[in-house]
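I have placed the structure first, in the form of structure tokens, so that the comments after it can refer back to it.
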Amino acid sequence: LVAWTIMITAFADTDDADGAQEFFDRMPQRDFVCWNAMAAARTHSGQMQLAKMLFDKMPERDVVSWTLLVVGNAEKGLVELAEAAFSRMPLRSVVSWNVMVQAYAQNGYLETARFTFDSMPMRTNISWNLLVAAYADAGQVQQARFLFDAVPDKDPVAWATMVAGYAQNGYLEEAQEVFEVIPQKTVVAWSSLIAAFAHAAKVESARRVFDLLPGRNLYTWNSMLSAYSQNGYGTQAVELFRQMVQEGGTMPDPIAFMSLLTACNHVGLVELSWEQFVSMRNDFGIDPRQGHYRCMIDVLARSGRLVEAEELMATMPFAPD
RNA sequence: GUGUACUGAUUCUCCAC
């Protein structure tokens, strides 16, 4: 039973809810944990109607089942339904409360989120961290900082969240100040610092941070790549991309290619753009998404190659916008 | 004592200016 549930979760982690369902259907017997795992798989792939069906069919529902219902509705923007599920729950764990705070915050009800946070019977680090992040996402950096200062035992996520909050809102100095005093600097904090410099157009500094940080990963490569591309350093971006693949042994993702194409675009390197665009699928097996097409069409059109631009637009597997 | 729910970093989009 445990092994089956692990399989279901593994499929869910790769966004394959149907694969999870196949396992679920073949299970000799089921307990509420595997029902929940299956409901979570549907919930996280956005299939709320199926998730709700599972919820209704469950022989028994525990706090996890109910919390999943809150999450699912919240992610679909259905705050009232999330709220209804939350109030109908027979029992609420701290996770349920966290989820409800998040539900309000992510749907624009920051005040209600705060009120709910204040009424929580107990809090974890996650409760604090998610609200700090919510304030920062809403551009309320001072509020974020104020709450951050009140966090009792700041974990590495809290610190990274605050640096990221400053970075995203263009507060370079504050981001640096917080970063300096972080007890355990995670790679997330490092990459946020790169972003902070990048948004302030301090590309050299961003690069210095990139060279200093321990443990490069896809995010740090991408952060540096976008630092170059957003500031018009086309050739550096291309070179960094090459290093990422060849020396870093990192598999680029669609985001890396967005930065790369944007970088080529800024420099007007049409041929190079096209090369990368083709290479995406041929060498890396990544199907270009709408953003990649848009970027590529833009490069072509700007350089006067209107026929090719039109052709690409006509053959792309998306509706033109 | 094992399996299921919640938080942080990179591009674009959206929104605002």
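Values below: all heavy atoms of this structure, side chains included; hydrogens, waters and symmetry mates excluded. Protein chains get the first letters and strands the later ones, always in sequence-line order, with residue 1 at the start of each.
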Rounded to whole Å, OH of A/Tyr135 lies from P of B/G8 at a distance of 16 Å
Rounded distance in Å - CG (A/Asp62) to P (B/U4)
13 Å
Polar pair under 3.5 Å, donor/acceptor by atom type, side chain A/Thr5, base B/G3
yes
How many Å lie between CZ on A/Arg30 and P on B/G3, as a whole number?
21 Å
So for atom NZ, which belongs to A/Lys202, do other residues, nucleotides or ligands contribute more than 12 heavy atoms lying within a distance under 6.0 Å?
no
Heavy-atom neighbours of A/Met53 CE exceed 12 at 6.0 Å
no
Establish, for the pair A/Arg61 and A/Phe32, whether the NZ or CZ atom is under 6.0 angstrom from the six-membered ring centre and no further than 45 degrees off its axis.
no
Distance-only donor-acceptor test, A/Ser93 side-chain atoms vs B/A5 base atoms, 3.5 Å
yes
Interatomic distance, A/Met100 CE vs B/A5 C1' [rounded to whole Å]
15 Å
How does protein contact run along nucleotides 9-17 of chain B, one letter per nucleotide 5' to 3', with B for base contact, S for sugar-phosphate only, - for none, heavy atoms under 4.0 Å?
BBBSS----
Could you tell me whether A/Asp56 atom CG has more than 12 heavy atoms of other residues or ligands within 6.0 Å of it?
yes
Can you give each donor-acceptor pair under 3.5 Å made by side-chain atoms of residues 189-197 of chain A, sequence neighbours left out, with the distance rounded to 0.1 Å?
residue	atom	partner	partner atom	Å
A/Ser191	OG	A/Val187	O	3.2
A/Ser191	OG	A/Val188	O	3.1
A/Ser192	OG	A/Val188	O	3.0

